[in-house]
Amino acid sequence: MSGNWGYYRDEWAGAKDAAKKATAPLADGEYDALIARVQDDSENGKVIWHLNAVDSMGAHHRARKTSVVPKGLGFLMADLQTIFNDMPDSPVDMPRWLVAAEGATVRIRAKTTPAANGKEYQNIYFVKLIAGSGKPHPRELPPMSADEQAGFDQVDDDELPF
C-alpha cells in the first residue's frame with residue numbers, strides 16, 4: 001500500500017506541532033472530558049484513565065489520570081462514586097465497574113502542584129458526572145464467573161498445560 005503521503009509534506013510539521021499540543025498537560029482549570037478508556041493495570045498497582053477533554057474554546061486535549069492502588073484506593077472509590085453515585089462492594093467487582101465507566105462524560109479539575117524535587121505534577125479530579133456512558137450500571141450486569149473473580153494470579157503453575 002503506497003498512498004499519496006508525499007503530497008502532505010507542507011502540512012506535516014504543523015500536524016506534529018498540533019499533536020504535541022494535544023498531549024501537553026492541561027492548564028489548571030475545569031474541563032468536560034470523555035472517559036475514552038480505563039486501563040486496569042492493578043497488577044502494577046494502578047488504574048489509568050484516558051480522557052479526551054474539551055476546553056472553553058472548544059479545543060480538544062488528551063489527558064491521563066493515574067489512580068495508584070492500594071495507597072490511593074480511597075481516591076479511586078471517590079471517582080467511582082462521582083461517576084455512578086455508588087461504589088463496588090468487593091475488589092473482585094472492580095473490573096466491570098471500570099469498563100462501565102468508559103464512555104461517560106465527567107467534569108474534571110486539573111491542578112498543577114510543585115514537587116519537592118523542583119518538578120511539577122498535575123492532579124486531575126473528577127468533579128461531577130455530565131453524561132452517563134449509556135452502558136448498564138455495573139450492578140445490572142450479570143455476575144462474574146468464578147474464573148473472572150479468581151483472576152489469573154490465583155492459578156497454580158502446576159495446572160498450566162505448558
Side-chain angles (χ1 to χ4, degrees), residues 8 11-115 119-145 147-153:
Y8 303 108
E11 292 85 1
W12 194 258
K16 284 183 171 180
D17 292 341
K20 286 178 186 174
K21 184 178 178 185
T23 58
L26 296 171
D28 287 358
E30 291 194 357
Y31 303 83
D32 290 349
L34 171 74
I35 300 173
R37 185 166 66 99
V38 183
Q39 182 180 344
D40 182 353
D41 193 11
S42 52
E43 298 85 21
N44 294 313
K46 58 189 170 184
V47 172
I48 303 169
W49 304 81
H50 298 270
L51 309 169
N52 293 333
V54 180
D55 65 22
S56 61
M57 302 299 288
H60 292 262
H61 305 272
R62 287 182 292 213
R64 189 173 75 180
K65 171 183 172 64
T66 302
S67 301
V68 178
V69 291
K71 184 178 178 183
L73 192 56
F75 295 111
L76 178 58
M77 297 298 277
D79 292 338
L80 294 174
Q81 177 71 31
T82 299
I83 297 166
F84 296 110
N85 200 26
D86 196 0
M87 290 182 276
D89 295 325
S90 167
V92 298
D93 295 331
M94 193 62 86
R96 67 180 175 170
W97 284 70
L98 297 175
V99 169
E102 292 177 347
T105 302
V106 292
R107 171 88 27 90
I108 62 171
R109 179 178 300 120
K111 183 173 188 224
T112 305
T113 307
K119 296 183 179 181
E120 293 182 334
Y121 63 93
Q122 186 172 63
N123 284 325
I124 296 179
Y125 303 95
F126 291 168
V127 177
K128 70 177 184 174
L129 178 69
I130 304 294
S133 66
K135 296 178 184 177
H137 188 283
R139 293 196 186 281
E140 297 169 6
L141 296 173
M144 296 173 68
S145 71
D147 290 338
E148 290 173 313
Q149 288 182 9
F152 292 111
D153 59 337

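Side chains are part of it too, since the values below use all heavy atoms of this structure and drop only hydrogens, waters and symmetry mates. Predicted, not measured: the structure shown is a model, and the values here were computed from it.
Closest non-hydrogen pair, Met94 versus Pro88, comes out as SD-CG, 4.2 Å. Closest of all the heavy-atom pairs between Phe84 and Ala101 is CZ-N, 3.6 Å. Of all the heavy atoms in Thr82 and Leu129, the pair that sits closest is O-CB, 3.7 Å. Closest of all the heavy-atom pairs between Ile108 and Val127 is C-CG2, 4.0 Å. Scanning all heavy atoms of the two residues, the minimum distance from Asp89 to Arg139 falls at OD2-NH1, 2.8 Å. Here the closest heavy-atom approach between residue Ala36 and residue Asn52 is recorded as CB-ND2, 3.6 Å.
If you take CD1 on Ile48 and CG on Leu98, they are separated by 11.5 Å, rounding to the nearest 0.5 Å.
Judged as a side-chain contact (heavy atoms from CB on, under 4.5 Å), and not counting sequence neighbours, the contacts of Glu120 are Thr112. Every side-chain contact (heavy atoms from CB on, under 4.5 Å) that Arg37 has, sequence neighbours left out, goes to Gln39, His50, Glu102.
Counting heavy atoms of neighbouring residues, nucleotides and ligands inside a 6.0 Å radius, atom NZ of Lys135 exceeds 12 of them.
Salt bridge Arg109/Asp28: absent, no basic N to carboxylate O contact under 4.0 Å.
For Asn123 and Tyr125, the side-chain atoms include at least one donor-acceptor pair closer than 3.5 Å.
Residues Val47 and Leu76 form a side-chain contact, since some pair of their non-hydrogen atoms from C-beta on lies under 4.5 Å apart. In this structure, the side chains of Leu51 and Ile124 come closer than 4.5 Å at one or more pairs of heavy atoms. The closest side-chain heavy-atom distance from Ile35 to Val106 is below 4.5 Å.
Annotation: cation-pi geometry not satisfied between Lys65 and Phe75 (NZ/CZ under 6.0 angstrom from ring centroid, within 45° of ring axis).
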